[in-house]
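Have a look at the structure below before the remarks.
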Amino acid sequence: MPSNYTGACKPGSFKAFAGNTKCSKCPPHSSSHDQAATVCHCDKSFFRALKDPSTMACTRPPSAPRNVVSLINDTALFLQWMPPRDSGDRKDLTYNVLCQRCDTADSGLTQCEPCEPDLRFIPKALGLTGTSVAILEYAVHANYTFHVEALNGVSGLGVAARSLANITVNTHQAGPALVGVVRKDWATENSIALSWEQVEQPPADIVDYEVKYYEREQEQLSYSSTRTRTASVVVTGLRPSTVYVFHVRTRTTAGFTAYSPNFEFSTAAEDPDVADQGQVLVMVTASVGGFSLLVILTLFLLITGRCQGYIKARMKSEEKRRTRFHSGHVPFSGIKTYVDPDTYEDPTQAVEEFAKEIDPSYICIERVIGAGEFGEVCSGRLRLPGRMDVPVAIKTLKGGYSEQQRRDFLREASIMGQFCCTNIIRLEGVVTNSRPVMIVVEYMENGALDSFLRSRDGQFTVLQLVDMLRGITVGMTYLSDMGYVHRDLAARNILVDKNLVCKVSDFGMSRVLEDDSEAAYTATGGKIPIRWTAPEAIAYGKFSSASDVWSYGIVMWEVMSYGERPYWEMSNQDVILSIEEGYRLPAPMGCPVTLHQLMLHCWQKEAGQRPNFTDVLSFLDKLIINPGSLLTLANDAQSLTDSPEDLPDYPLFISIGDWLDSIKMSQYKNNFLAAGYTTLDSISTMNTDDIRRIGICLIGHQRRIISSIQSLRLQLHHIQQNGFQV
Ligand code: ADE
């Protein structure tokens, strides 16, 4: 048969080898201008790598990586970034992390030079295929500038500028201890007064000091900590004749510095007279009966369970009690315990005990930022004499309240006032002696976590989201260690400050968890946030720290899905039934598989099989130290069924148009139809890659659509199990 392919190739086509083969059209981004071309030359700014075949499209270097962010702790600095918007149409993308250290001389000139050779990059600095790196052995008080460069097989072939994204990190926050020697000023049987001096000028304004202490013999099995704004503190609630280990660190506006060395001080020996008096008291108590003992125990817990912030106000009542509790017959664990304000005959006393009364003339209200259950929430400033202004949020109790409403309102303050933890909202004080009655707390610039995430959809790296979760875990670990059950843990009850630090708030719902491993509060009705609540708490009111862990799993899901509503639009009843059947929320789009596994662990049916908050914290820390563990993403839409073929046939009640309208994505209707997705059936099999392939590029839109597809699948699953209910 005669050959058809003997002619010379026309411009725009080429034939690599002479002979009886067809001319091929020039691959994308290349052209041939002459007849009989054996190769197509790349267009301007496009290239072929040495190993690229001539049939391959010409490609170009990638654009710069995006959103480089840093996280720093005492030992490691983490960088994470997002892939470039343009990969140059190649799959061989890698990254180099280049480092410079820039110091400012006394003359004011900043000089940069390559970083110290002993800086360690984990896994490596050059040729990274992932989008994160950990850096160890960095110097403190230094400014490092990191250049993250995106490269592919054709980088360096043209004259284009390198594709770099830069970030400057200062390591001040992990700086050395600013506190040198800690002195003991005086000690009694139950308290030690300490003071210290700065050894170095702080790199930023001092916010306060954290004093950590524990019994030497306990070797840090448990420790307590307290905060003070001045360079001295009186630590109370200690055991007589006991050696304590103390160390102090400074919190500046740039973060914590390192701890001072350890200092050991002993409390004074017990006064035998007082001890005898105590023994008599215990005997009398025993004869008066269990009720008195309960009161004494409660009061004892009060002493051990308070924050140090308002030392002066407390010292008087402390002194009053001291003689009553010096018997040494009541064991003291050193761990603070939460005291339920409801155990006070007069709850006003609990407020007096745990919350500082603020003179209203020190409060400057600036604007209304929301509406609470009891009245408006405002932002403003607290101007205590001799102190820096503090931005605050002020909850007000609206006029015309009943005595019961006033108590309920202030109950939250008497709970909050017992906590002292970076990840729990801090109570500044209350106004109860004048109108309006107010609760003043620290101001959190970014408001509630759920709405914050919704407004910043897709804008954080996984590591940043995990760091937010870590903060919540620290707060919840503290609460559960104190025996406090939150009962309403949800992203809407987490507040976020300007540095993205998350703090647990909203203590209205809680009840005491008594000092009994079996004891958990049983609800007698009342409103329960179904989607966040563990099945045993819904079914028979068994609230516990383990049920808080279930809610925490839901918060993890809210965070990783940027504030999506758990179980979407399903009714509460359907949620309860689905959970009972064993259904669990699928991994949100872009969620690492390790995090989804942790969520599933928190949602174990048996409360005893769930992790506790300490377990969750150590798990998250391991992930943060090894960010590679966050790289494998869960298989979004595929996770509900093993394969798309398993999907049930189900009635299609709505059209694609209606569905897209309902999620405000109707602009993409043609994308689905043009790609052949003409039924909701076929759409329900789509995953993120499919969504991307049909031209939906905005991450936020991809997320909303994938999330809605998951919701569709969930509802189908439910219909399949239960039949369709109108
Ligand atoms: N809304 C409620 N409490 C708040 C707080 N502490 N800071 C900012 N917004 C709030």
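Quick note: numbers below take in every heavy atom, side chains included, and nothing from hydrogens, waters or symmetry partners. Counting starts at 1 for both ligands and their atoms, following the listed order.
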What residue and atom, counting heavy atoms only, is the protein's closest point to atom 5 (C) of ligand 1, and at what distance?
Ala393 CB, 3.3 Å
For the pair Glu564 and Arg703, find out whether any cationic side-chain nitrogen is under 4.0 Å from an anionic carboxylate oxygen.
no
Atoms of ligand 1 less than 4.0 Å from Val441 heavy atoms?
6 (N)
Give the residue and atom name of whichever protein heavy atom lies nearest to atom 3 (N) of ligand 1, and the separation in Å to one decimal.
Leu495 CD1, 3.7 Å
Nearest non-hydrogen protein atom, atom 2 (C) of ligand 1
Val377 CG1, 4.0 Å
Non-hydrogen atoms of Glu445 versus ligand 1: any pair closer than 4.0 Å?
no
Go through the steps for Lys212 and Glu210 under the test salt bridge (Lys or Arg N to Asp or Glu O under 4.0 Å), then give the verdict.
CA-CA 6 Å; Lys212 198 163 149 181; Glu210 186 187 52; over 6 Å; no
Can you sort out the partners of Arg704 under side chain to side chain donor-acceptor pair (under 3.5 Å), two or more places apart, ordered by chain and number?
none
Residue, atom name and distance, where the atom is the protein heavy atom closest to atom 9 (N) of ligand 1
Ile369 CD1, 3.5 Å
Would you call the rings of Phe452 and Phe460 parallel, tilted or perpendicular, where under 30° means parallel and over 60° means perpendicular?
tilted
Could you tell me whether Arg411 and Asp340 have a side-chain N and a carboxylate O separated by less than 4.0 Å?
yes
Lys/Arg-Asp/Glu bridge criterion (N-O < 4.0 Å) met for Lys395, Glu412
yes
Students should be able to answer this: which protein heavy-atom is nearest to atom 7 (N) of ligand 1, and at what distance?
Met444 N, 2.9 Å
Give me the nearest non-hydrogen protein atom to atom 6 (N) of ligand 1 as residue plus atom name, then the distance to 0.1 Å.
Glu442 O, 2.9 Å
